[in-house]
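Report on the following structure.
So you know, we letter chains A, B, ... as the sequences are listed, proteins then strands, and number each from 1. These numbers were taken from a predicted model, which means no experiment stands behind them.
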Protein chains: 2
Amino acid sequence: MQKKDKMEPTSDDQQVPERCGTCAIRQSGICSVLTGEDVDRLSDIAYHRQYRPGETILLYDDSPDFLAAMRSGVVKLSKVLLDGRQQIVSLLFPPDFLGGIFSRPTPYFAHAVTDVELCCFRRANFESMLKDQPEMSRHMVEHSLDKLNTAHDWMVLLGRKTAEERVASLLYLLVTRSKLMRVGDTQVETANTGFEVHLKREEMADFLGLTYETVIRQIKALNNENIIRLNGRREFSVPDVAALAKAAG
Amino acid sequence: MQKKDKMEPTSDDQQVPERCGTCAIRQSGICSVLTGEDVDRLSDIAYHRQYRPGETILLYDDSPDFLAAMRSGVVKLSKVLLDGRQQIVSLLFPPDFLGGIFSRPTPYFAHAVTDVELCCFRRANFESMLKDQPEMSRHMVEHSLDKLNTAHDWMVLLGRKTAEERVASLLYLLVTRSKLMRVGDTQVETANTGFEVHLKREEMADFLGLTYETVIRQIKALNNENIIRLNGRREFSVPDVAALAKAAG
DNA sequence: CGTTCGCTTGAGCCTTTTCAACCACTGTGG
DNA sequence: CCACAGTGGTTGAAAAGGCTCAAGCGAACG
């Protein structure tokens, strides 16, 4: 059940406590295209926001006046039908991008899944920056294109995969992401990768187009087949990543 | 069944027979951001390509050296699983955009659904144009964002809608589009709108995440409920567009 | 210490798929 | 001109995968 969380972030907005130079996503975010003094200018106009799990970051049809890069945590984007049926359309991880671009009304709900830290810019600031930095537009296009492609991949999952393949696909996505988060850029193929799933069963279901009971049963099935091992409610480990990938279809 | 169509367009490439000024998509395509002599420059570097129904326009993992705006027709983008399961991830209409941007390998197959006419640019030409025309980047971002949003909407359909709602949604999409194609910009709410569906039943199914038998049965059901009327295999009319929208969920 | 929330399990049902047959139409070659 | 094959569309019957409903359990929390 979605509580009526207040939309304002948990803590008050605050000036960036550290300069961008030392930021975790400095190498990969939209800011990665900037150099030298441009980064300093960015530091001046950027501010941070934090959210607790479950809090609403953006409402459907909202017109937020800020955009943000994710510094940490996981955000889910979801759409809802009139009768309440819900579908998560995207999971966002650092250094993904979020917020009101070109004064478009937000076409989804955005909720924090974990503790989330955003690095925000006022829209006016950002758009003037876009003008000065043509490289930034390109980054935006590439980012949108990536997102479009992952959405397409998920459409294949939703349209054509079995329940077991769907769950395997999600777990595969999460191992991959959690590895990337830990190691950095390079994809290392470690054996027996353990990781924590931040989503509750119901959220997995809403992402996979299933019911949560089915998710539970398929997790169990994958466990019985030794493709995954669940060590707790939310703790998984994957003995053989390739086997999981295969199970994902 | 996908024939091994040759990838080359039906007719040889040809210089644009008409100048861009009189082009059907001049007002709405990527070219719409250009003015005056820039349009003339565009006319010089643009060329046209044509495809027959079923022909392959782009192969998965291909790296085409051109990009294109659709001038007429319908294109489907699809992805395929190892075992052959197929999902159409997008339908493209004029003035949609297509091709190899920023030297990314194409992440889908593109096939002509109807006769298709493209207006093409060599990638090098296009990218230099992007540099000169900052407005064009913005157009690209907006276009990608639109596409991303329609993909998200389709994810809701694939994840959460019933078979009947899916079929209704597709038909609703097609009435809307065909009306837009006929009338221009404004959405007129005409009663009893007739239109032709260019997709075969199997393609509808691949777009909707269903089997073609189910598509047939749901079309029949919608017909029995008088939400649509099928006048031929591919000819439909919609007595009440609002009723169809409601059936689409 | 009772309540709530997230999770799990079982049983039966229902929607959609699968499988199989058949029809209408079109183009082709004997 | 007709036989025949191929393609797209339709229908029915049976099977199955996933959903619904109902109950119970453990941990967290006020």
key: Sub-4.0 Å heavy-atom contacts from residues 151-158 of chain B onto DNA chain D, ordered by number   =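 Correct list: empty, so none.
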
ask   = How large an angle, rounded to 10°, do the end axes of the helix from C:dC1-D:dG30 to C:dG30-D:dC1 enclose when each is built from five base pairs?
value =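 The angle, to the nearest 10 degrees, is 20°.
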
[N] [atom2] sits how many Å from [X] [atom1], rounded?
| X | N | atom1 | atom2 | result |
| --- | --- | --- | --- | --- |
| B:Asn223 | D:dG9 | CG | C1' | 15 Å |
| B:Glu203 | D:dG8 | CD | P | 9 Å |
| B:Arg85 | C:dT17 | CZ | C1' | 13 Å |
| A:Met204 | C:dG6 | CE | P | 13 Å |
| A:His198 | C:dC7 | NE2 | P | 14 Å |
| A:Glu202 | C:dG6 | CD | C1' | 9 Å |

task = Tell me, please, whether A:Phe66 has A:Arg49 positioned over its six-membered ring: NZ or CZ under 6.0 Å from the ring centre and within 45 degrees of its axis?
result =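 Yes, A:Arg49 and A:Phe66 form such a contact.
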
query = How does protein reach along nucleotides 15-24 of chain D, written 5' to 3' as B (base within reach of a heavy atom under 4.0 Å), S (only sugar-phosphate), or - (no contact)?
reply = ---SSBB---

Would one find a side-chain N or O of [X] under 4.0 angstrom from OP1 or OP2 of [N]?
| X | N | value |
| --- | --- | --- |
| B:Lys220 | D:dG9 | no |
| B:Lys200 | D:dT7 | no |
| A:Arg233 | C:dG6 | no |

What pairs with [X] under side-chain contact (heavy atoms from CB on, under 4.5 Å), at least two apart in sequence or on another chain?
| X | value |
| --- | --- |
| B:His143 | B:Asp96, B:Phe97, B:Lys147 |
| B:Ala110 | B:Ile57, B:Leu58, B:Val75, B:Leu77, B:Leu98 |
| A:Thr114 | A:Val74, A:Val116, A:His198 |

inquiry  = Checking B:Asp146 against A:Arg104 for the salt bridge (charged side-chain N to carboxylate O under 4.0 Å, His left out) test, could you report, in this order, the C-alpha distance in whole Å, the side-chain angles of both residues, the deciding distance, and whether it holds?
reply    = CA-CA 10 Å; B:Asp146 282 341; A:Arg104 294 162 156 264; 3.0 Å; yes

message = Show me the pairs that pass salt bridge (Lys or Arg N to Asp or Glu O under 4.0 Å) and involve residues 81-93 of chain B, at least two apart or across chains.
response =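 Passing the test, one end in residues 81-93 of chain B: A:Glu165-B:Arg85, B:Asp83-B:Arg85.
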
Under the side-chain hydrogen bond (donor to acceptor under 3.5 Å, both in side chains) test, which residues partner [X], sequence neighbours left out?
| X | answer |
| --- | --- |
| B:Asn223 | none |
| A:Lys79 | B:Asn149, B:Asp153 |
| A:Glu117 | A:Ser72 |

Donor-acceptor contacts, no H, no angles, side chain residues 203-216 of chain A, under 3.5 Å, sequence neighbours left out:
unit_1   : atom_1 : unit_2   : atom_2 : d
A:Glu203 : OE1    : A:Lys200 : N      : 3.0
A:Glu203 : OE2    : A:Lys76  : NZ     : 2.9
A:Asp206 : OD1    : B:Arg160 : NH2    : 2.9
A:Thr211 : OG1    : A:Thr214 : N      : 3.4
A:Thr211 : OG1    : A:Thr214 : OG1    : 2.9

Any residue meeting salt bridge (Lys or Arg N to Asp or Glu O under 4.0 Å) with A:Arg234, in chain and number order, not counting sequence neighbours = none

